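Working notes, structure below.
Here is how names work: the chains are called A, B, and so on, in the same order as the sequence lines, proteins then strands, and each is numbered from 1. The model shown is predicted, which means the values in this text are computed figures rather than measured ones.
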Amino acid sequence: MVNMSQILLEWYDRNARVMPWRVSPSDRADGVKPDPYRIWMSEVMLQQTTVAAVRDYFRRFTDRWPTVTDLANAQDADVMAEWAGLGYYARARNLLKCARHVVEHHGGVFPNTHDALLTLPGVGPYTAAAISSIAFDLPETVVDGNVERVISRLYDIHTPLPTSKPELTALAKSLTPTERAGDYAQAIMDLGATICTPKSPACGICPWREPCLARANGTAADLPKKVAKKPKPTRVGIVYIARREDGAWLMETRPDKGLLGGMLAFPTTEWGETTDDHPPASAEWTELETEALHTFTHFHLRLRIQTAWIDTTPSRGHFLSASDFSPTALPTVFRKAFDLAHETMRHN
DNA sequence: TATTCGTGGAG
DNA sequence: TCTCCAAGAAT
């Protein structure tokens, strides 16, 4: 049988998707090298995030900060504001940490070994392998959700994830070619994203349809098996949206650790099974009839919204002038609350 | 090893 | 409406 990786690479040469961070196979053949900074940036953004969601963020980040040194010199608040809406905000904090580390300890040049990449903040096994193979053409093996799905089907593995992960990783490694490892990594992920999809995979047009055991056994659509996830509880909280007479908004920067860490926010109570009213300033607070509803990774939130105009010194938070405030810098849950409240908070 | 950490689109 | 889930990492 013809080499499996060769079949996939030939498929990729004909079907590679166009992405802002990607060097096409033909350009690669002409000697065009990918920029490690852009590969790193894209891979961090793509962690648990769809290509469609990442595209515009990637363009804005690389337009504003074209090199790792530019990013290292950026203000924390500017980076967090630019990341707002993309989710998993620890990625943005680690992005800055990593950029500054690369400038400080590597002279602004990304390290070009898998082990050195692994030590960088926000770079784990997947991302280190992705940068190694795609940016430096090292024969490392990427194992993301796509690869787990493709490999579990190819070998008809019924052991549920994450138990099966070591086995899938070993099988994935055994398939990785020593030549064109970067194109191969992108090829197997493209395959998972476009053909070997979670629901109703297009086995009929798959370049690996012949060797695929799950296709032969009719089990492809049922793989990979996964352990059942816990149901999401519902938490409640109160958000306080207040303005001063000059129009400035009362805001908080959330602590670096935990949910929405480091992000610009309105003051809130803690979120739990119940919540206690703890406004950040004494004022005449008015509660909206409508709550902001939002779902995070592991819980649903019903957020009550209270508004006020205040002329006393708040006990917490800081004022942000109307001209410096932009709702686009807010994580989505606060953006929702703002959209519901701003009608009643118009400044005359 | 298990939990925490966002968001929006697909079905 | 609701569940799944997407190029995972940190703790």
Side-chain angles (χ1 to χ4, degrees), chain A residues 16-17 19-22 38-58 80 83-95 97-98 117-135 140-150 161-163 165-166 169 172 182 184-194 196-201 221-222 224-235 254-263 265 271 293-301 330-336:
Chain A
R17 296 193 290 170
M19 300 178 193
W21 50 86
R22 178 176 280 184
R38 294 165 64 87
I39 299 302
W40 162 72
M41 175 87 68
S42 68
E43 291 301 341
V44 171
M45 288 183 170
L46 286 163
Q47 290 166 5
Q48 296 291 286
T49 309
T50 58
V51 168
V54 164
R55 272 206 166 87
D56 289 345
Y57 282 88
F58 178 83
M80 300 313 289
W83 197 277
L86 196 55
Y88 284 147
Y89 297 101
R91 293 184 296 172
R93 302 194 300 277
N94 284 328
L95 195 77
K97 224 183 268 180
C98 182
L117 288 165
L118 253 186
T119 70
L120 300 175
V123 176
Y126 164 77
T127 305
I131 299 172
S132 297
S133 59
I134 298 171
E140 299 292 340
T141 300
V142 295
V143 182
D144 71 332
N146 289 305
V147 175
E148 290 173 352
R149 187 171 56 255
V150 169
L161 283 164
T163 307
K165 174 110 182 190
T169 298
Y184 175 81
Q186 295 174 91
I188 194 169
M189 290 189 285
D190 271 19
L191 185 71
T194 62
C196 196
T197 52
K199 299 164 191 173
S200 52
D222 302 322
K225 302 282 191 189
K226 296 186 177 182
V227 295
K229 28 187 91 157
K230 297 194 305 188
K232 294 179 184 185
T234 297
R235 298 182 188 171
R254 293 173 66 89
D256 273 350
K257 305 261 182 197
L259 189 70
L260 310 178
M263 294 303 291
W271 303 338
L293 304 179
H294 191 72
T295 299
F296 294 97
T297 309
H298 52 295
F299 67 93
H300 303 287
L301 177 66
L330 296 169
T332 300
V333 64
F334 293 115
R335 180 87 185 259
K336 287 181 181 177

Could you report the tightest heavy-atom contact between A/R93 and A/G261, atom names first, then the distance?
NH1-O, 2.8 Å
Separation of A/H298 atom NE2 from B/dC5 atom P, in whole Å?
4 Å
On DNA chain C, compare the nucleotides closest to A/K257 and A/Q186; which residue's is nearer the 5' end?
A/Q186
Can you figure out which of C/dG8, B/dT7, B/dC5 approaches the side chain of A/F296 most closely?
B/dT7
Between A/K199 and A/G124, the residue closer to the 5' end of DNA chain C by nearest nucleotide is A/K199
Go through C/dC5, B/dG6, C/dA9 for me and flag the one nearest to the A/K226 side chain.
C/dC5
Under 3.5 Å side-chain donor-acceptor pair for A/R91 and A/Q47
no
Suppose you measure atom P in B/dG6 against the same atom in C/dT11; what distance do you get, rounded to whole Å?
14 Å
Does the side chain of A/Q48 get closer than 4.0 angstrom to OP1 or OP2 of C/dG8 through an N or O atom?
yes
When you check the phosphate oxygens OP1 and OP2 of B/dG8, does a side-chain N or O of A/T332 lie under 4.0 Å from one of them?
yes
Let me know the distance between CE of A/M263 and P of B/dC5, rounded to the nearest Å.
15 Å
Measure CG/A/L120 against P/C/dG8 and give the value in whole Å, please.
18 Å
Quick check against the 3.5 Å criterion: does A/R17 have a side-chain atom that pairs as donor or acceptor with the backbone of A/D190?
no
Atom-pair distance (CG on A/N94; P on B/dG6), nearest Å
12 Å
Side chain of A/H294 (C-beta onward), nearest among C/dA6, B/dT7, C/dA9:
B/dT7
Does A/N94 use its side chain to pair, donor to acceptor, with the backbone of A/K97 at less than 3.5 Å?
no
A/Q47, nearest nucleotide to its side chain (from B/dG6, C/dG8, C/dA6):
C/dG8
Closer than 4.0 Å, any side-chain N/O of A/K230 to the OP1 or OP2 of B/dT3?
yes
May I ask you to verify if any side-chain N or O of A/R149 is less than 4.0 angstrom from the OP1 or OP2 atom of C/dC5?
no
Nearest whole Å is fine: how far is B/dC5 C1' from A/D256 CG?
14 Å
Donor-acceptor under 3.5 Å (A/Y57 side chain, A/A84 main chain):
yes
Rounded to the Å, how far apart are A/E43 CD and C/dA6 P?
16 Å
Would the base of B/dG6 count as contacting A/T295 through its side chain, where contact means a donor and an acceptor less than 3.5 Å apart?
no
Whether the side chain of A/T197 engages the backbone of A/T194 through a donor-acceptor N/O pair (distance < 3.5 Å, no angle test) should be reported.
no
Return the value, rounded to whole Å, for the distance between atom CZ of A/R93 and atom P of B/dT4.
16 Å
Please determine whether a side-chain nitrogen or oxygen atom of A/Y88 lies at a distance below 4.0 Å from atom OP1 or OP2 of B/dT4.
no
Expressed in angstrom and rounded to an integer, what is the separation of A/K229 atom NZ from B/dC5 atom C1'?
14 Å
With a 3.5 Å cut-off and just heavy-atom distances, do the side chain of A/T50 and the base of B/dG9 make a donor-acceptor pair?
no
